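On a predicted model such as this, the values are computed, not experimentally measured, just so you know.
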Amino acid sequence: GSSESPVTPEQIEELEAILLGADVGVQTTLEIVGKIEDETRGNRFVTSHQVKRLIREELHRILDNSGSAEESGNGERPQVVFVVGVNGVGKTTTIGKLAHLYKSEGKSVSFSASDTFRAAAIEQICIWGERTGCQVIRQEQGSDPAAVLFDAIAASRAQNVDVLIVDTAGRIHTKHNLMQELEKMRRVAAREIEAAPHEIFLVLDATTGQNGLIQAREFLRSSGITGLIVTKLDGTAKGGIIVAITKELSIPIRYIGVGETVEDLLPFDPTVFVETIL
Amino acid sequence: SLSERLQKTLRNLKGEGRVSERHVQESMREIRMALLEADVNFKVVKEFVAGLKTKALGEEVLKSLTPGQQIVKLVRDELVELLGKEPSELEFKKVPPTAVVLVGLQGSGKTTSTGKLARWLSLQGRRPLMVSTDVYRPAALDQLRIIGEALQLPVFESESRDPVQLAREAFTHSRNMGFDVLLVDTAGRLHIDDALMTELEQIRHELSAEEVLLVADAMTGQDAVNSAAEFNRRIHLSGVILTKLDGDARGGAALSIREVTGTPIKFIGVGEKYEALEVFHPDRLAGRILG
Ligand SMILES: Nc1nc2c(ncn2[C@@H]2O[C@H](COP(=O)(O)OP(=O)(O)OP(=O)(O)O)[C@@H](O)[C@H]2O)c(=O)[nH]1
Ligand SMILES: Nc1nc2c(ncn2[C@@H]2O[C@H](COP(=O)(O)OP(=O)(O)OP(=O)(O)O)[C@@H](O)[C@H]2O)c(=O)[nH]1
Ligand SMILES: [Mg+2]
Ligand SMILES: [Mg+2]
């Protein structure tokens with residue numbers, strides 16, 4: 001710590017344990033420590049309680065506008081929602097949960113089974129369709145994801161469905177061809193329905209470390225992201241990387257996943273999130 | 001890269017002649033930052049850097065004309081040592097079948113890795129049988145069946161939907177039909193889910209499993225120590241498969257997992273296709289973690 005700051009090395013260590021341990025990351029942790037040192041400069045000493053309060057305030061300052069944006073419904077039908085992200089983060093399961101939520105709001109929902117690559121991906125989303133009472137538009141494994149999307153938009157439009165949720169294959173952001181495939185799907189949607197896709201949700205696994213920031217940057221840059229969903233927060237991981245993501249990219253955090261059943265989706269609440277970090 | 005950062009740090013201090021304890025302290029700070037940015041757990045970093053500092057204050061570095069390079073070499077060697085020096089193989093029972101159980105958190109790549117291992121073993125001339133005990137995830141049994149069809153390798157199926165019974169039936173079948181290895185896919189689970197961790201203990205016990213492989217995602221952050229330690233405590237791991245290394249995650253979780261469980265990393269996953277499985281090389285991962 002700097003020489004005039006009353007924050008002791010022990011307090012800094014405690015602070016770092018909380019923030020680093022939550023995956024907030026080195027850079028953001030250093031910035032928060034720096035801010036706390038600035039705010040307490042000139043004090044004779046600062047209590048652990050004050051340090052915690054200052055961390056809480058700083059985290060809230062970063063996160064408090066992140067959950068507030070309303071989903072951009074604009075009366076077009078269907079609203080098209082893409083769910084994207086790297087492999088295994090919980091996209092398909094989250095789609096089941098989103099459908100359940102939308103239906104509880106009185107909306108009709110259909111799915112586009114646009115993960116045509118992975119073994120049993122289509123079977124998996126079809127089971128979520130059965131569980132939630134949503135039609136699934138599908139083709140065979142190996143078909144073109146954009147072609148399935150095209151069919152799904154046509155079918156959803158014909159049946160006046162309110163929301164079409166598009167399941168996509170997991171993809172590592174460093175794979176240029178896969179990111180191009182996603183961008184092609186975005187163009188297909190935009191061509192069919194003006195302002196589509198109305199939402200592109202990036203799903204992040206709460207256990208992810210610093211790579212989560214790179215994922216957010218790359219997906220944002222490549223095809224755009226309108227919101228984040230952080231899954232597996234029912235585990236012991238804190239998902240602190242979203243602090244760095246929000247700070248740098250200001251993408252709204254919409255929902256969190258807290259389990260494997262259809263009801264385990266909650267709107268993001270910065271207060272609850274900050275308290276679990278502290 | 002770390003070596004560039006260290007060279008820069010030590011160049012800035014060059015005016016003081018030979019490298020001093022202060023130079024080493026500054027270098028340790030750079031190394032700590034690099035490891036934290038690579039997702040190594042902060043407690044593991046603290047211990048690692050403390051041990052490193054002691055060695056860096058030794059004769060080799062202090063007398064060296066190129067202390068920066070000396071320190072980089074020291075860090076790399078220490079990392080490789082920690083990660084397990086040499087490749088570590090699967091252990092097979094003298095009397096087949098050998099049961100290999102794949103365990104881990106949700107979505108880490110267990111089912112895909114089961115297929116990859118089956119292909120790997122088959123190419124080595126062994127006869128693997130796969131079985132899924134994941135009766136929870138939608139289409140999990142379909143997933144392994146489809147993988148078996150794609151690989152043209154057998155998957156055991158039965159009417160049972162009890163994971164422990166499924167494991168038992170598969171083991172009996174593999175023994176009767178002369179398979180060399182039984183690969184057991186399990187459902188993803190949280191290490192804090194006591195009921196499911198107990199189920200895993202029962203599956204392991206049922207198979208007197210030779211190999212219990214933790215399948216862990218290379219992009220895992222600080223939490224890697226928590227889940228790995230608990231899986232190891234409950235069911236004693238024999239190896240780790242680190243997946244999704246075809247991404248750009250630095251993979252520091254590997255160091256955390258190794259340090260906290262002492263378990264060797266045996267394989268890495270480097271893609272979604274079934275051929276994307278490699279034997280683990282500690283020196284390659286050390287280079288990647290250091291960046
Ligand atoms: N505990 C917990 N598990 C979750 C959560 N969300 C998803 N999962 C589990 O994570 C695993 C992967 O979920 P999927 O929905 O298949 O993930 P995905 O992103 O669609 O995976 P790919 O399509 O293969 O890239 C499954 O076992 C899910 O049940 C969550 O919020 N909490
Ligand atoms: N890029 C990449 N993807 C991988 C790798 N290993 C697995 N995957 C992908 O990760 C996702 C999850 O793989 P699964 O095999 O379903 O994971 P799991 O651990 O069985 O998931 P649960 O059973 O739900 O816990 C799939 O999309 C796989 O194709 C890898 O090494 N690299
Ligand atoms: Mg999926
Ligand atoms: Mg699985």
Side-chain angles (χ1 to χ4, degrees), chain A residues 13 16-17 19-27 29-30 86-93 96 117-128 130-131 141 169-175 178 204-212 214-215 218 231-232 234-241 259-260, chain B residues 32-43 45-46 105-112 115 136-150 187-193 216-227 230 243-244 246-253 271-272:
Chain A
E13 200 159 318
E16 288 184 342
L19 295 177
L20 289 175
D23 281 313
V24 168
V26 185
Q27 290 310 324
T29 297
L30 286 178
V86 304
N87 307 74
V89 294
K91 298 177 293 300
T92 307
T93 307
F117 173 77
R118 204 208 69 214
I122 297 171
E123 287 83 342
Q124 187 185 6
I125 188 80
C126 282
I127 292 174
W128 283 109
E130 287 167 26
R131 287 181 179 181
Q141 183 179 10
R171 70 201 65 226
I172 301 275
H173 48 281
T174 53
K175 302 197 171 163
L178 296 183
L204 291 167
D205 186 325
T207 65
T208 305
Q210 297 308 295
N211 197 252
I214 304 178
Q215 292 171 26
E218 285 309 306
T231 59
K232 309 179 194 173
D234 47 319
T236 52
K238 301 284 168 65
I241 193 61
E260 301 185 72
Chain B
R32 178 172 179 262
M33 298 273 285
L35 293 176
L36 288 172
E37 286 166 1
D39 286 325
V40 182
N41 182 271
F42 76 99
K43 294 189 206 119
V45 171
K46 187 166 185 211
L105 296 175
Q106 291 89 346
S108 62
K110 298 175 291 300
T111 305
T112 309
Y136 309 102
R137 168 173 156 149
L141 302 179
D142 293 321
Q143 189 181 359
L144 195 63
R145 175 188 314 124
I146 290 171
I147 290 175
E149 286 165 9
R189 67 202 64 216
L190 294 177
H191 51 292
I192 53 173
D193 185 328
D217 194 321
M219 56 187 186
T220 309
Q222 299 288 307
D223 196 57
V225 296
N226 300 325
S227 45
E230 188 59 9
T243 62
K244 308 179 200 172
D246 46 315
D248 56 359
R250 298 267 289 278
E272 293 191 75

Chemist: Salt bridge or not between A:K175 and B:E272? Use side-chain N to carboxylate O under 4.0 Å.
Modeler: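 Result for this pair is no, no salt bridge flagged.
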Chemist: Side chain, backbone, both or neither: which part of A:E13 has a non-hydrogen atom closer than 4.5 Å to chain B?
Modeler: side chain
Chemist: Side chain, backbone, both or neither: which part of A:I214 has an atom under 4.5 Å from a heavy atom of chain B?
Modeler: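 It is the side chain, since no backbone atom gets that close.
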Chemist: Which atoms form the tightest heavy-atom contact between A:N211 and B:M219, and what is the distance?
Modeler: CB-CB, 4.2 Å
Chemist: Check the pair A:E123 / B:R145 against salt bridge (charged side-chain N to carboxylate O under 4.0 Å, His left out), numbers first and verdict last.
Modeler: CA-CA 12 Å; A:E123 287 83 342; B:R145 175 188 314 124; over 6 Å; no
Chemist: Which heavy atom of B:I192 sits nearest to which heavy atom of A:D234, and what is that distance?
Modeler: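 Where B:I192 meets A:D234 most closely, the heavy atoms are CD1-O, 3.5 Å.
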Chemist: On a heavy-atom basis, which atom in B:P138 and which in A:W128 lie closest, and how many Å separate them?
Modeler: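 Smallest heavy-atom distance, with atoms named: CG-NE1, 3.8 Å.
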Chemist: Are the side chains of A:K232 and B:L105 in touch, meaning some heavy atoms are under 4.5 Å apart?
Modeler: no
Chemist: Quick one: what part of B:R32 sits under 4.5 Å from any heavy atom of chain A, side chain, backbone, both or neither?
Modeler: side chain
Chemist: Please find the pair of heavy atoms, one from B:K244 and one from A:N87, that lie closest to each other, and give the distance.
Modeler: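 Smallest heavy-atom distance, with atoms named: NZ-O, 2.9 Å.
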Chemist: Heavy-atom pairs under 4.5 Å with chain B: which of A:I172, A:T207, A:I241 has the most?
Modeler: A:T207
Chemist: Heavy-atom distance under 4.5 Å to chain A: side chain of B:D193, backbone, both or neither?
Modeler: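 No part of it gets close to chain A.
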Chemist: Counting only heavy atoms closer than 4.5 Å, note whether A:T174 contacts chain B via side chain, backbone, both or neither.
Modeler: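 Side chain of A:T174 only, per the 4.5 Å heavy-atom cut-off to chain B.
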Chemist: So what's closer than 4.5 Å to chain A heavy atoms on B:D142: side chain, backbone, both or neither?
Modeler: both
Chemist: Below 4.5 Å from any heavy atom of chain B, which atoms of A:I122 appear? Answer side chain, backbone, both or neither.
Modeler: neither
Chemist: Determine whether A:L30 and B:M33 make a side-chain contact, defined as any pair of heavy atoms from C-beta on separated by less than 4.5 Å.
Modeler: yes
Chemist: Determine the minimum heavy-atom distance between B:A139 and A:A120, stating which atoms define it.
Modeler: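 Heavy atoms only, the tightest pair is O-CB, 3.8 Å.
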Chemist: B:Q222 and A:D23: which non-hydrogen atoms are nearest, and at how many Å?
Modeler: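 Heavy atoms only, the tightest pair is N-OD1, 2.9 Å.
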Chemist: Could you tell me the separation between the CZ atom of A:R118 and the CD1 atom of B:I146, rounded to the nearest 0.5 Å?
Modeler: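 These two atoms lie 9.0 Å from each other.
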Chemist: Does any heavy atom of chain B fall under 4.5 Å from the side chain of A:A121, the backbone, both, or neither of them?
Modeler: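 Answer is neither: A:A121 stays 4.5 Å or more from chain B.
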Chemist: Kindly write out the residues that satisfy salt bridge (Lys or Arg N to Asp or Glu O under 4.0 Å) with B:R137, not counting sequence neighbours, or none if the list is empty.
Modeler: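 Partners of B:R137 under the salt bridge (Lys or Arg N to Asp or Glu O under 4.0 Å) test: none.
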